[in-house]
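Reminder, nothing fancy here: chain letters follow the sequence lines and each chain counts from 1. Keep in mind that what you see is a predicted model, and the values were worked out from it rather than measured.
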Amino acid sequence: MQKKAAARTPRITIRDVASDAGVSVAAVSKVLRDAYGVSEALRAKVQASMDKLNYRPLASARGLRGRTYTLGLVFPDLRNPFFADIFAGVNAALERTRYQAMQGISTSASALVEAMIDRQMDGLILVGPNENNERLNDIAKRTPLVVIGHHDIDGAKFDAVNNDDQLGARLAVRHLCQNGHSKIAMLSLSAPVSTVINQRELGYRLEMTEQGLGGAINILRAPQVLRDVQLTIRKLLESKDKPDAIFCWTDLMAFEAISVATELGLSIPDDLAVVGYDNTIFCDFSQNRLTSIDQSGEVLGLQATRLLIERIDGRMQPDHFVVTPRVVARASSARND
DNA sequence: TACCGCGACCCACAACTGGC
DNA sequence: GCCAGTTGTGGGTCGCGGTA
């Protein structure tokens, strides 16, 4: 036997509101859009009817004539609390607007992005997309697009918001040198390779060379899998050429470095100094006290949203916003902290 | 000039119509 | 019966004309 579709309660439409309030459909629409030419008396009447009928505008219908007031936000994953900082920035930027952000998870500009475009979202923010400019430009042709964490902006048709990752890595190395460390290893990501990783590795190399430590350059790469990260760190710390400091490409990796080092009986920071990246909320926890490079996730989210709304409002020229990172020193690196 | 409403319009899909 | 073309429908927005 065929299943019957569940019966739906008839939807309350703008026509029902207009009929209840004794005004035209257009008048209700104007109240909804806060458009010019609506008296306070009419607004109050329409608002009362909307409240009474529990009316909600239908985004897909709005999309027929223009905007749905919906923004798509795509993260590569949600395990890293840094992404929550970005989302907080997006929400803060949308607070006084009519837009709502809907988020999803994808490591590439994938079917999820296409689905968001199909659903007529007014614009997209992609965080750390693992895509080339050709693909990103193709998306930007179809919908306003802002990318967070993508440094290759030559010929880009989209807006970009970036932390200065090269400078961030340099600051990490400089900070460790200032605290008396010279055998500084970098724990990086093996795949997917991104422009962010490239910039941080470049910054590490440049600063090591500038500090006269070019011969000690040591970059290890591990995938974002806990077991692989632990094995890589253990191998490094048990090697003859053990470093006296590690610069990790995220805080999450840095926490693992601290755990493995503690298991091996090493003291932090006397035997091993550790610096992370992102300055997430967990850095402040007393068992961590992790020195980290702050790339202001909230600012990244805020600026990306600002640029996206500008784009939706008609700006054609691509824009690029760069956030300057800073060191937030804690006990994991500063011997006298 | 401020306020209000008519009617065209948007797009995808289903239903209808007419010709072969 | 099949296919292609036309019309209607859904829920909003928008431009412009009418009225006080």
Side-chain angles (χ1 to χ4, degrees), chain A residues 1-74 90-91 93-106 108-126 131 135-146 157-159 304-318:
Chain A
M1 204 171 80
Q2 266 193 326
K3 281 185 185 173
K4 272 189 181 176
R8 288 190 192 175
T9 318
R11 190 179 179 92
I12 300 296
T13 70
I14 197 170
R15 284 173 179 79
D16 297 317
V17 176
S19 166
D20 185 79
V23 300
S24 71
V25 165
V28 178
S29 174
K30 282 183 181 180
V31 172
L32 282 171
R33 289 176 287 121
D34 203 16
Y36 171 81
V38 179
S39 65
E40 275 312 307
L42 185 134
R43 186 183 305 280
K45 206 157 52 171
V46 169
Q47 192 59 56
S49 290
M50 288 197 290
D51 292 344
K52 179 177 144 194
L53 299 174
N54 201 19
Y55 167 76
R56 295 289 305 156
L58 188 65
S60 60
R62 281 183 155 165
L64 288 173
R65 286 289 295 186
R67 296 184 190 183
T68 58
Y69 294 96
T70 314
L71 308 180
L73 186 52
V74 180
V90 171
N91 276 333
L94 294 181
E95 219 164 50
R96 286 185 185 77
T97 74
R98 299 169 64 196
Y99 290 93
Q100 298 282 334
M102 307 248 172
Q103 59 173 314
I105 306 169
S106 173
S108 64
S110 61
L112 177 64
V113 168
E114 296 301 329
M116 286 178 163
I117 295 172
D118 291 347
R119 281 159 182 73
Q120 295 177 297
M121 293 195 172
D122 294 336
L124 301 180
I125 297 174
L126 305 186
E131 296 287 344
R135 170 71 176 132
L136 294 173
N137 278 340
D138 173 58
I139 297 168
K141 268 188 225 162
R142 292 180 287 151
T143 191
L145 174 67
V146 179
K157 308 275 185 236
F158 48 87
D159 293 345
T305 309
R306 176 185 65 80
L307 290 180
L308 185 58
I309 292 176
E310 279 180 21
R311 274 284 178 148
I312 293 167
D313 286 342
R315 178 170 53 77
M316 299 301 287
Q317 290 307 310

- Item | Contacting residues from residues 15-27 of chain A, given that a heavy atom lies under 4.0 angstrom of DNA chain B |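 Heavy-atom cutoff 4.0 Å gives A:Val23, A:Ser24, A:Ala26, A:Ala27.
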
Under 3.5 Å, side chain of [X] to main-chain N/O of [Y], donor-acceptor pair present?
X	Y	value
A:Asp16	A:Thr13	yes
A:Arg315	A:Leu307	yes
A:Arg119	A:Ala115	yes

- Query: Rounded to the nearest 0.5 Å, what separation is found between the CG atom of A:Leu124 and the CZ atom of A:Arg142?
  - Reply: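 Rounded to the nearest 0.5 Å, the CG-CZ separation comes to 9.5 Å.
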
- Which distance, rounded to the nearest 0.5 Å, do you find between the CD of A:Gln317 and the CD of A:Glu310?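 Taking CD in A:Gln317 and CD in A:Glu310, the distance rounds to 12.5 Å.
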
Between [N] ([atom2]) and [X] ([atom1]): distance, integer Å:
X	N	atom1	atom2	result
A:Arg62	C:dT13	CZ	P	5 Å
A:Asp34	C:dT13	CG	C1'	15 Å
A:Arg119	B:dC11	CZ	C1'	15 Å
A:Asp118	B:dC11	CG	P	14 Å
A:Arg33	B:dC4	CZ	P	14 Å

- Message: Judged by each residue's nearest nucleotide on DNA chain B, which is more toward the 5′ side, A:Gln120 or A:Arg43?
- Response: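 Final value for this comparison: A:Arg43.
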
- Whichever of A:Gly63 and A:Lys30 has its nearest DNA chain B nucleotide further upstream toward 5':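 So the residue in question is A:Lys30.
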
- In this structure, which one of A:Thr143, A:Asp159, A:Asp122 forms a side-chain hydrogen bond (donor to acceptor under 3.5 Å, both in side chains) with A:Arg311?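 It is A:Asp159, the one option of A:Thr143, A:Asp159, A:Asp122 that forms the side-chain hydrogen bond (donor to acceptor under 3.5 Å, both in side chains) with A:Arg311.
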
- Message: So, OP1 or OP2 of C:dT13: does either fall under 4.0 Å of a side-chain N or O from A:Tyr69?
- Response: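 No, outside the criterion.
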
- Message: So, does A:Ser39 get its side chain near the phosphate of B:dC4, meaning an N or O under 4.0 Å from OP1 or OP2?
- Response: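 Result: yes.
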
- May I ask you to say what A:Thr13 touches in the nucleic acid, namely base, sugar-phosphate or nothing, with a heavy-atom cut-off under 4.0 Å?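 Sugar-phosphate, backbone atoms only, no base.
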
- Task: With heavy atoms under 4.0 Å as the rule, sort A:Val38 into base, sugar-phosphate or nothing.
- Result: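 Sugar-phosphate, no base atom in range.
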
- Message: Could you report the tightest heavy-atom contact between A:Thr97 and A:Ala93, atom names first, then the distance?
- Response: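 Scanning both residues completely, I find the closest heavy atoms to be CG2-O, 3.8 Å.
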
